[in-house]
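Worksheet: the structure to be examined is printed underneath.
Quick note: numbers below take in every heavy atom, side chains included, and nothing from hydrogens, waters or symmetry partners.
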Amino acid sequence: MLSNEQVQQIKQIIESDPRFVTKINEAISYTGKESGHSHASPMEDMIREILIDKLGAKKSSKDRSLADIYLNDNLINVKFGSPKIQPNGRPKYGQPNMCAMRRIMKEFYYDSTIDSYYIIKVNLKNGEYTLHVFDMLDYIDYLTWNSGTGQIMLKENDFFRSDSL
């Protein structure tokens with residue numbers, strides 16, 4: 001597991017890196033449709049690069065791996081989104097995939113090889129971003145399961161409405 005200090009260090013390193021600032025500014029100035037989809041892969045790739053460069057994280061060697069990067073044997077998945085703003089001015093978040101249930105159950109329950117699963121979640125709304133680093137397993141109440149895809153998903157409307165972070 002990562003300590004609270006390590007989690008804060010990860011946030012600080014990402015937010016202070018010029019590459020992150022540039023990508024956020026590009027995403028803010030984007031005027032096309034589906035900003036979240038348009039910027040997700042480049043944002044996620046860039047955050048991985050920062051953590052590899054600055055903290056010695058390791059990129060996953062497998063396609064469709066459970067984690068995007070590994071930091072001292074901690075699994076970290078990077079996510080980016082841009083909630084829709086409703087007519088009432090409130091954001092309408094989605095339910096992004098966090099990971100495959102089968103994979104997380106194997107690692108956590110059957111093999112006992114992990115005790116945490118970290119998410120770096122960047123949201124962009126109304127020209128401002130938020131960046132959260134959290135252990136998904138600490139927030140089970142905000143997860144749901146899509147049996148069709150076999151994915152664990154984050155109920156963002158509830159998660160970001162709560163005072164949990």
[X] side chain vs [Y] backbone, donor-acceptor pair below 3.5 Å:
X	Y	answer
Asn123	Pro83	no
Ser60	Asp68	no
Ser82	Leu124	yes
Lys79	Asn97	yes
Lys11	Leu131	yes
Asn146	Gly148	yes
Asn77	Ile119	no

*Less than 4.5 Å apart, any side-chain heavy atom of Tyr118 and any of Ile10?*
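Tyr118 vs Ile10: side chains apart.
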*asked:* Using side-chain heavy atoms (C-beta onward) and a distance below 4.5 Å, is Lys121 in contact with Pro96?
replied: yes
*Answer yes if Val21 and Met46 sit in the same cluster of Ile, Leu, Val, Met, Phe, Trp and Tyr residues linked by side chain heavy atoms under 4.5 Å apart, and no otherwise.*
no
*Verify same cluster id: Met153, Phe159 (apolar side-chain graph, 4.5 Å)*: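 No, Met153 and Phe159 fall in different hydrophobic clusters.
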*Begin with the C-alpha distance, continue with both residues' side-chain angles, and end with the deciding distance and a verdict on side-chain hydrogen bond (donor to acceptor under 3.5 Å, both in side chains) for Lys125 and Tyr93.*
CA-CA 10 Å; Lys125 65 179 180 189; Tyr93 295 98; 2.9 Å; yes
*Between Tyr142 and Phe134, does the ring centroid distance fall short of 6.0 Å?*
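No, the ring centres sit 6.0 Å or more apart.
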*What about Tyr117 and Phe108, are their ring centers closer than 6.0 Å?*
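Here the rings of Phe108 and Tyr117 have centres that are no less than 6.0 Å from each other.
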*Can you establish whether the number of heavy atoms outside Gln86 located under 6.0 Å from its atom CD is more than 12?*
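Yes, because the 6.0 Å sphere around CD of Gln86 holds more than 12 heavy atoms from other groups.
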*Check step by step if side chain to side chain contact (heavy atoms under 4.5 Å, CB included) holds for Ser116 and Leu2.*
CA-CA 8 Å; Ser116 57; Leu2 296 171; over 6 Å; no
At what distance, to the nearest 0.5 angstrom, does [atom1] of [X] lie from [atom2] of [Y]?
X	Y	atom1	atom2	value
Leu137	Met98	CG	CE	12.0 Å
Ile152	Gln95	CD1	CD	12.5 Å
Ile24	Phe80	CD1	CZ	5.5 Å
Tyr110	Met105	OH	CE	5.0 Å
Leu75	Met136	CG	CE	10.0 Å
Ile104	Ile114	CD1	CD1	4.0 Å

*If you look only at pairs with a residue in residues 88-106, which of them pass as a salt bridge (Lys or Arg N to Asp or Glu O under 4.0 Å), with sequence neighbours excluded?*
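Every pair satisfying salt bridge (Lys or Arg N to Asp or Glu O under 4.0 Å) with a residue in residues 88-106: Lys106-Asp111.
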*Can you sort out the partners of Tyr70 under ring pair (Phe, Tyr, Trp, His ring centres under 6.0 Å), two or more places apart, ordered by chain and number?*
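Tyr70: no ring pair (Phe, Tyr, Trp, His ring centres under 6.0 Å) contacts found.
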Can you list, pair by pair, the side-chain donor-acceptor contacts under 3.5 Å of residues 51-59, counting residues two or more places apart and other chains?
residue : atom : partner : partner atom : Å
Asp53   : OD2  : Arg19   : NH1          : 2.6
Asp53   : OD2  : Arg19   : NH2          : 3.4
Lys54   : NZ   : Asp17   : OD2          : 2.9

